[in-house]
S.K.: 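Below are the structure tokens for one structure; questions will follow.
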Amino acid sequence: MTSRVEETGSTFDESHPPGGGKQVRRLDRVVIRFAGDSGDGMQLTGDRFTSETAGFGNDLSTLPNFPAEIRAPAGTLPGVSSFQLHFADHDILTPGDAPDVLVAMNPAALKANLGDLPRGAEIIVNTDEFTKRALAKVGWSADPLDDGTLAEFRVHPVALTTLTVEALKTTSLARKDAERAKNMFALGLLSWMYHRPTEGTEGFLRSKFARKPEIAEANVLAFRAGWNYGETTESFAVSYEVAPAAKAFAPGRYRNISGNLALAYGLIAASRQSGLSLFLGSYPITPASDILHELSKHKNFGVRTFQAEDEIAGIGAALGAAFGGALGVTTTSGPGVALKSETIGLAVSLELPLLVVDIQRGGPSTGLPTKTEQADLLQAMFGRNGEAPVPIVAPASPGECFGMALEAARIALAYRTPVFLLSDGYLANGSEPWRVPEVSELPDLRVEFATEPNAPDGSDGFWPYLRDPETLARPWAVPGTPGLEHRIGGIEKQDGTGNISYDPANHDHMVRTRQAKIDGITVPDLVVDDPSGDAKLLVLGWGSTFGPIAAGVRRARAAGGKVAQAHLRYLNPFPANLGDLLGRYDRVLVPEMNLGQLAMLLRARYLVDARSFTQVSGMPFKAQQLAAVISEALGGN
Amino acid sequence: MATELTLTAKDFKSDQEVRWCPGCGDYAILAAVQGFLPELGIARENIVFVSGIGCSSRFPYYLNTYGMHSIHGRAPAIATGLASSRPDLSVWVITGDGDALSIGGNHLIHALRRNVNLKILLFNNRIYGLTKGQYSPTSEPGKITKSTPMGSLDEPFRPLSLALGAEASFVARTIDSDRKHLTSVLRAAAEHQGTALVEIYQNCNIFNDGAFEVLKDPETRDAALLRLEHGQPYTVDGVEHLHDVTDPDPTRAFALSRMSEPTPIGVLRAVARPTYDSQLNAQLDQAVTERGAGDLSTLLSGSDTWMVR
Ligand SMILES: Cc1ncc(C[n+]2csc(CCOP(=O)(O)OP(=O)(O)O)c2C)c(N)n1
Ligand code: SF4
Ligand SMILES: [Mg+2]
């Protein structure tokens with residue numbers, strides 16, 4: 001009875017429980033957006049609802065969206081923070097184009113999000129905040145709650161603040177503190193509306209505020225009061241069920257995970273699987289800082305985290321640790337990559353393993369720190385002096401950040417090279433259900449350090465640049481190994497001996513050898529999804545656009561279009577079969593959140609007429625938007 | 001060391017041809033370091049020299065230890081990562097006045113305040129040697145060079161004052177040509193736990209010849225130098241002070257660091273302070289003691305999972 005085509009509108013069954021209780025409707029999917037002031041705790045509210053939903057077994061996808069300022073002036077449009085969650089009884093790919101339900105904690109939140117709401121959407125508003133002053137702050141002279149502005153929506157006016165304060169009357173909390181629990185009242189109400197389990201949130205609140213038991217209890221009380229309010233009040237006549245997405249998931253143990261958390265875990269796993277201790281050198285920057293925060297918690301895994309004086313020192317320290325035999329990692333965003341470029345070049349020349357994680361954000365310069373973009377591809381590809389090739393991998397979803405961190409480590413360790421991992425703000429903060437892998441499934445990344453002299457003349461000399469004929473990797477001889485003392489540096493060196501060399505022929509040879517090493521990296525072939533088997537159009541993307549592209553493709557197919565989809569996780573080198581694949585299609589469409597960077601590489605490399613579709617708004621693509629572009633490319637209207 | 005090491009200066013010479021200008025002060029420093037290293041009693045494989053860029057930064061190529069010639073100014077950062085992940089190593093940084101104080105100033109001051117177990121040898125020739133003679137952050141004001149034909153305008157750094165201001169736990173100065181003194185300062189630096197900054201006055205006979213001549217000329221040097229010895233008195237402006245390198249109050253050391261007539265040489269300050277690397281590694285041990293060695297499977301599962309069958 002439920003629709004299998006994502007985001008083409010919900011379908012539902014109705015049921016009236018016997019005994020004349022409230023009506024329960026069954027939906028196949030819902031998109032909820034929580035919106036409020038930066039200080040209203042909307043991210044926390046969204047996170048909790050997500051946890052409840054994940055635990056319930058729905059498929060889900062989230063989109064946090066917050067301002068760069070920690071507390072922009074209260075009640076203003078720039079201060080609005082929101083969290084969107086899409087959950088369903090089937091597999092879904094995106095956080096949803098438009099909310100079915102908006103929770104607006106104040107007039108600014110309502111105004112900032114109104115434009116995104118489709119006709120008939122439900123709006124739950126905190127009427128207590130709709131004062132003349134608050135309305136004036138966002139330029140409303142009349143109250144939209146009663147001047148017809150919201151006529152095409154289903155509005156639930158709720159005095160959230162008053163009700164919360166009332167519910168906490170019995171506690172010793174000052175009114176101001178009591179008011180702060182209103183987000184938990186809202187969460188309780190929504191949890192009732194969508195039949196979410198509540199134990200998790202109560203447990204969470206008790207442990208979060210373990211040191212302030214009265215605050216913990218107040219939040220639990222507010223949360224329950226919200227639930228009870230839904231249950232008893234007349235203004236909420238209907239509640240909804242979204243069944244678990246049993247068929248969407250392969251069997252296994254699942255958890256909800258954000259991209260940055262998955263990435264941090266992937267790095268720890270890479271350290272374990274390689275037997276190398278993890279060293280992170282990093283300088284705080286949005287949206288990468290959470291990886292530093294997370295890794296710093298896991299010192300009992302032998303993880304060393306070093307908050308450096310700047311990005312240059314962060315990568316420098318990581319490279320120094322790599323010289324010493326550690327798995328060296330640096331995490332940053334685009335502006336940090338700019339600072340690290342010279343050291344990445346050094347790592348290319350030293351041929352040492354090093355992971356450079358770039359959580360891309362809007363640019364140029366400071367740009368849009370909290371928004372997403374994928375405009376650092378060419379920076380990662382070419383942003384260094386000289387011929388300095390660096391492998392690039394890019395996860396396509398939050399959960400994939402785990403596996404791609406392991407892949408980045410595999411390449412770095414096997415080929416003795418710095419590797420870029422390109423994630424972005426959308427993957428970093430967004431979350432989805434993730435099947436927890438068994439440790440036994442993880443790849444073996446063990447490396448062998450050099451222990452013996454290797455000079456081809458049979459002497460006891462050590463040649464630091466004597467290459468493995470297969471991978472062209474040079475030996476990794478770490479300090480502490482007797483007899484292998486050697487010097488490496490950024491000056492051109494003779495292949496083999498590693499001695500400084502200014503010889504023109506040697507330099508030409510070294511430039512080509514370093515390039516050949518990267519070109520020769522083994523990466524999996526690209527897999528195309530084409531159910532029709534004879535599509536003429538290929539939609540090709542990379543990175544975080546996977547979800548919206550796949551959702552757009554589904555829609556186009558549902559409308560009868562024949563379209564093939566493929567998604568690149570390896571951008572340098574490209575999969576070996578890419579050129580062949582591109583040649584098989586009449587048209588290639590490349591949607592990107594930049595001005596066509598992948599398309600440029602494809603055109604240059606394969607002489608293919610790749611067509612770009614680009615958006616650089618700081619927000620992910622919408623499925624609807626891509627479906628329209630695809631249908632146009634198919635020759636539709 | 002389990003076995004007695006009987007290394008000599010020769011063991012620390014690499015097979016590479018040394019390529020400084022004939023007469024450069026760097027030769028004397030190299031010879032002194034090669035002569036001193038056997039004294040450490042540390043096996044060659046456990047010693048690492050990391051340098052930046054400059055004439056001075058070629059130094060690691062000429063030593064038969066592990067070494068890295070990195071990029072301009074960044075050696076303290078690179079060495080910090082190495083020393084804090086490998087506390088078993090003896091890590092030395094070689095840098096110049098431009099490398100350490102211009103492009104790498106930020107890394108230098110932060111290494112000093114962190115007190116990572118590093119020995120930083122700053123070759124101060126008060127000029128940019130490798131780029132052929134521009135003035136440096138330690139050049140005297142009014143310096144006429146290729147880039148400052150009408151004289152340089154900026155006030156120079158006093159490297160040791162800067163180091164003390166950056167909370168350095170060990171600060172010393174010595175001179176390239178005084179092998180005995182240079183060796184004694186290296187010894188003190190090596191013994192120090194934490195970051196040691198040693199400024200070495202080094203003659204660049206091509207672009208800044210004679211910069212330290214008054215401190216070297218047998219005629220003038222006794223009057224021009226103030227030789228500091230821990231526990232020995234010294235006199236400034238007729239007032240006698242007892243030199244105490246361990247004085248927790250850096251005031252006297254700072255006053256000494258600003259003096260030029262006479263110029264103090266020797267150890268100005270050597271105070272005990274926990275090192276960054278030992279504390280970082282202690283946190284790792286503490287985490288294991290408190291929470292047990294990390295279990296990957298438990299970590300990946302977290303506390304909120306559900307089963308799909
Ligand atoms: C990023 C970068 N900028 C500039 C240079 C050019 N450069 C090389 S060495 C140097 C100055 C060296 O002066 P100093 O550190 O005093 O060393 P010296 O040669 O005097 O021993 C400069 C500017 C460089 N190699 N890298
Ligand atoms: S330029 Fe000066 S510092 Fe450089 S090698 Fe020549 S004499 Fe030495
Ligand atoms: Mg110099």
Side-chain angles (χ1 to χ4, degrees), chain A residues 51 54-55 57 200 246 249-256 265 268-269 272 277 279 281 298-304 306 308-310 312-313 316-326 328 342-343 345-346 350 436-439 479-491 499-500, chain B residues 14-16 43-51 53 60-61 63-86 88-89 91 106-107 109-110 280-281 283-284 286-288 290-294 296-297 299-302 304-309:
Chain A
S51 262
F249 299 107
R253 177 184 299 280
Y254 283 79
R255 64 176 287 170
N256 190 55
Y265 285 0
I268 294 175
R272 274 295 154 97
S277 65
F279 185 97
H298 301 293
K299 296 200 164 59
N300 61 330
F301 282 82
V303 175
R304 291 179 180 84
F306 171 64
E309 57 271 21
D310 60 22
I312 302 173
L319 183 61
F323 183 57
E342 192 192 9
T343 312
L346 176 64
L350 297 181
V436 181
E438 297 296 332
V439 172
T481 317
L484 306 194
E485 295 82 14
H486 65 280
R487 278 66 53 194
I488 54 177
I491 297 190
N499 293 334
I500 291 182
Chain B
S14 78
D15 59 358
Q16 299 298 295
R44 278 191 314 219
E45 65 267 22
N46 292 327
I47 302 174
V48 186
F49 278 78
V50 181
S51 64
I53 298 290
Y61 285 117
L63 283 173
N64 193 7
T65 63
Y66 280 89
M68 187 197 290
H69 178 224
S70 74
I71 45 177
H72 202 17
R74 317 304 174 193
I78 292 169
T80 291
L82 178 63
S84 44
S85 58
R86 290 290 305 274
D88 56 317
L89 301 174
V91 183
N106 198 30
H107 309 308
I109 57 177
H110 288 278
L280 174 65
N281 293 304
Q283 284 193 342
L284 263 56
Q286 185 192 343
V288 171
E290 287 174 6
R291 287 182 275 151
L296 188 56
S297 177
L299 175 76
L300 299 184
S301 294
D304 266 339
T305 60
W306 67 96
M307 290 301 294
V308 173
R309 289 178 212 284

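Protein chains get the first letters and strands the later ones, always in sequence-line order, with residue 1 at the start of each. Side-chain atoms are counted along with the backbone in the values below, which use heavy atoms only and exclude waters and symmetry mates.
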S.K.: Just by distance, no angles: are the side chains of B:N106 and A:D310 close enough, under 3.5 Å, to form a donor-acceptor pair?
M.R.: yes
S.K.: Within the side chain of A:N300, is there an N or O that forms a donor-acceptor pair under 3.5 Å with the backbone of B:A287?
M.R.: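 Such a contact is absent between A:N300 side chain and B:A287 backbone.
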S.K.: For each of B:L284, B:I47, B:D304, tally heavy-atom pairs with chain A at distances under 4.5 Å, and name the one with the top tally.
M.R.: B:L284
S.K.: Measuring from B:D15:CG to A:N499:CG, what's the distance to the nearest 0.5 Å?
M.R.: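 If we round to the nearest 0.5 Å, B:D15:CG and A:N499:CG are 6.0 Å apart.
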S.K.: Quick one: what part of B:I53 sits under 4.5 Å from any heavy atom of chain A, side chain, backbone, both or neither?
M.R.: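 When you check distances to chain A, no heavy atom of B:I53 falls under 4.5 Å.
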S.K.: Quick one: pull up CD in A:E438 and OG in B:S301 and give me the separation to the nearest 0.5 Å.
M.R.: 7.5 Å
S.K.: CD of A:E485 to CZ of B:R44: how many Å apart, nearest 0.5 Å?
M.R.: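 Between A:E485 CD and B:R44 CZ, I get 5.0 Å after rounding to 0.5 Å.
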S.K.: Which answer fits A:I488, side chain, backbone, both or neither, if we ask what part of it has an atom under 4.5 Å from a heavy atom of chain B?
M.R.: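 Both parts, backbone and side chain.
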S.K.: Return the orientation label for the A:H486 and B:Y66 ring planes: parallel under 30°, perpendicular over 60°, tilted otherwise.
M.R.: perpendicular
S.K.: Rounded to the nearest 0.5 Å, what separation is found between the OG1 atom of B:T305 and the CG atom of A:N256?
M.R.: 12.0 Å
S.K.: Under 4.5 Å heavy-atom distance to chain A, tell me which part of B:S51 shows up: side chain, backbone, both or neither.
M.R.: neither
S.K.: What part of B:R86 is in contact with chain A, defined as an atom under 4.5 angstrom from a non-hydrogen atom: side chain, backbone, both or neither?
M.R.: side chain
S.K.: Side chains of B:L300 and A:I268: does their closest heavy-atom pair fall under 4.5 Å?
M.R.: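 Side-chain contact under 4.5 Å: no.
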S.K.: For B:F49, check ring pair (Phe, Tyr, Trp, His ring centres under 6.0 Å) against everything at least two apart and list the hits.
M.R.: B:W92
S.K.: Do you know which of A:V303, A:T481, A:V436 has the most heavy-atom pairs under 4.5 Å to chain B?
M.R.: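 When all of A:V303, A:T481, A:V436 are compared, A:T481 has the most.
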S.K.: CG of B:L82 to CZ of A:F279: how many Å apart, nearest 0.5 Å?
M.R.: 9.5 Å
S.K.: Under a 3.5 Å threshold, yes or no: a donor from one side chain and an acceptor from the other, between A:R304 and B:S85?
M.R.: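 Side-chain D/A pair, A:R304 to B:S85: absent.
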S.K.: State, with a plain yes or no, whether a side-chain heavy atom of A:R253 is found less than 4.5 Å away from one of B:V308.
M.R.: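 Heavy-atom side-chain distance check fails, nothing below 4.5 Å.
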S.K.: Among B:N281, B:V48, B:T80, who wins on heavy-atom pairs under 4.5 Å with chain A?
M.R.: B:N281
S.K.: Shortest non-hydrogen contact from A:R487 to B:P60?
M.R.: CG-O, 3.1 Å
S.K.: Using non-hydrogen atoms and a 4.5 Å limit, figure out which bit of B:D88 sits close to chain A: side chain, backbone, both or neither.
M.R.: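 For B:D88, there is no contact with chain A at all, as no heavy atom is under 4.5 Å.
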S.K.: Measure B:I71 against the heavy atoms of chain A and call it side chain, backbone, both or neither at under 4.5 Å.
M.R.: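 It is both, since atoms from each part get that close.
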S.K.: For A:A318, is it the side chain, the backbone, both, or neither that has a heavy atom closer than 4.5 Å to a heavy atom of chain B?
M.R.: neither
S.K.: Applying ring pair (Phe, Tyr, Trp, His ring centres under 6.0 Å), name anything that partners B:H69, two or more places apart in sequence or on another chain.
M.R.: B:Y61
S.K.: Is B:T65 close to chain A through its backbone or its side chain, or both, or neither, when contacts mean heavy atoms under 4.5 Å?
M.R.: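 Interface part for B:T65: backbone (N, CA, C, O).
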S.K.: Chain A heavy atoms under 4.5 Å from B:L89: which part of the residue, side chain, backbone, both or neither?
M.R.: side chain
S.K.: For B:R74, is it the side chain, the backbone, both, or neither that has a heavy atom closer than 4.5 Å to a heavy atom of chain A?
M.R.: side chain
S.K.: Could you check whether any side-chain heavy atom of A:F323 comes within less than 4.5 Å of a side-chain heavy atom of B:V50, counting everything from C-beta outward?
M.R.: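 Not touching, per the 4.5 Å side-chain cut-off.
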S.K.: Please flag which part of A:L484 lies under 4.5 Å from any non-hydrogen atom of chain B: side chain, backbone, both or neither.
M.R.: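 Interface part for A:L484: both.
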S.K.: Taking A:G490, A:P482, A:G281 one by one, which has the highest count of heavy-atom pairs under 4.5 Å against chain B?
M.R.: A:P482
S.K.: Short question: side chain of B:R309, backbone of A:G252 - any donor-acceptor pair under 3.5 Å?
M.R.: no
S.K.: Looking at every heavy atom in both A:H298 and B:L299, which two are closest together, and how far apart are they?
M.R.: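 So the two residues come closest at CE1-CD1, 3.2 Å.
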S.K.: Highest number of heavy-atom pairs under 4.5 Å with chain A: which of B:Q16, B:H107, B:M68?
M.R.: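 Option with the greatest count: B:H107.
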S.K.: Heavy-atom pairs under 4.5 Å with chain B - which of A:G55, A:P479, A:G489, A:A250 has more of them than the others?
M.R.: A:P479
